[in-house]
Amino acid sequence: MNYLVTHVEKSEERYHVHLEEKNYAEDDPRKNYLLSKGYFPIITLQDFPIRGHKVFLHIKRRRWLNTITGKIVFRDWNEVARGTRMTIEFSAFFKRNWWIRGLMMFGASVVFME
């Protein structure tokens with residue numbers, strides 16, 4: 001998946017989930033002509049509540065320089081999953097990682113790193 005959960009913060013009223021977009025894998029052919037150029041400013045999305053707590057996703061999106069064209073490129077967030085305000089890929093990340101919600105529901109103080 002293209003996102004890494006870097007940490008989760010819990011307060012009395014809210015959960016803050018911090019996500020960082022991963023770089024392309026070393027074996028990805030696009031890696032040969034894309035040079036990582038940092039991140040866009042962090043965006044914050046409000047997700048569905050969990051057990052009465054508001055949930056905020058803080059997303060750090062990556063950008064690359066295409067060394068062939070000289071243009072900045074990034075993953076397309078215009079292709080959104082039907083009924084959501086997130087990309088198909090991003091919503092799939094949460095479907096596959098349902099355990100994040102489960103851990104937070106039970107008040108776990110969790111830091112996720114790869």
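Nothing fancy with the numbering, it's 1 onward along the sequence. Any value given below was found using the heavy atoms of this structure, including those in side chains, with hydrogens, waters and symmetry copies removed.
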Given side-chain contact (heavy atoms from CB on, under 4.5 Å), test Leu34 with Asn66 step by step and report yes or no. CA-CA 5 Å; Leu34 292 179; Asn66 182 319; 4.1 Å; yes
Kindly compute the distance separating [atom1] ([X]) from [atom2] ([Y]), expressed to the nearest 0.5 Å.
X	Y	atom1	atom2	answer
Glu13	His53	CD	NE2	8.0 Å
Gln46	Arg14	CD	CZ	8.0 Å
Leu45	Ile59	CG	CD1	4.0 Å
Tyr15	Phe56	OH	CZ	13.5 Å

Can you list everything that forms a ring-ring contact (aromatic ring centres under 6.0 Å, His included) with His58? Sequence neighbours excluded, please. His16, His18
Qualifying residues under ring-ring contact (aromatic ring centres under 6.0 Å, His included), relative to Tyr33, sequence neighbours excluded: none
Nearest atoms (heavy-atom pairs only) where Thr67 meets Asn32: OG1-O, 4.5 Å
Heavy-atom closest pair, residues Tyr3 and Lys22: O-CE, 3.8 Å
May I have the list of side-chain donor-acceptor pairs in residues 35-43 shorter than 3.5 Å, sequence neighbours left out?
from: Ser36; atom 1: OG; to: Arg62; atom 2: NH1; distance (Å): 3.0
from: Tyr39; atom 1: OH; to: Glu20; atom 2: OE2; distance (Å): 2.9
from: Tyr39; atom 1: OH; to: Arg62; atom 2: NH2; distance (Å): 2.7

Is Glu26 salt-bridged to Lys31, cutoff N-O under 4.0 Å? yes
Show your reasoning for whether side-chain contact (heavy atoms from CB on, under 4.5 Å) applies to Leu19 and Leu4. CA-CA 5 Å; Leu19 301 152; Leu4 171 67; over 6 Å; no
Between Trp64 and Ile68, is there shared hydrophobic-cluster membership here, with clusters defined by ILVMFWY side-chain heavy atoms closer than 4.5 Å? yes
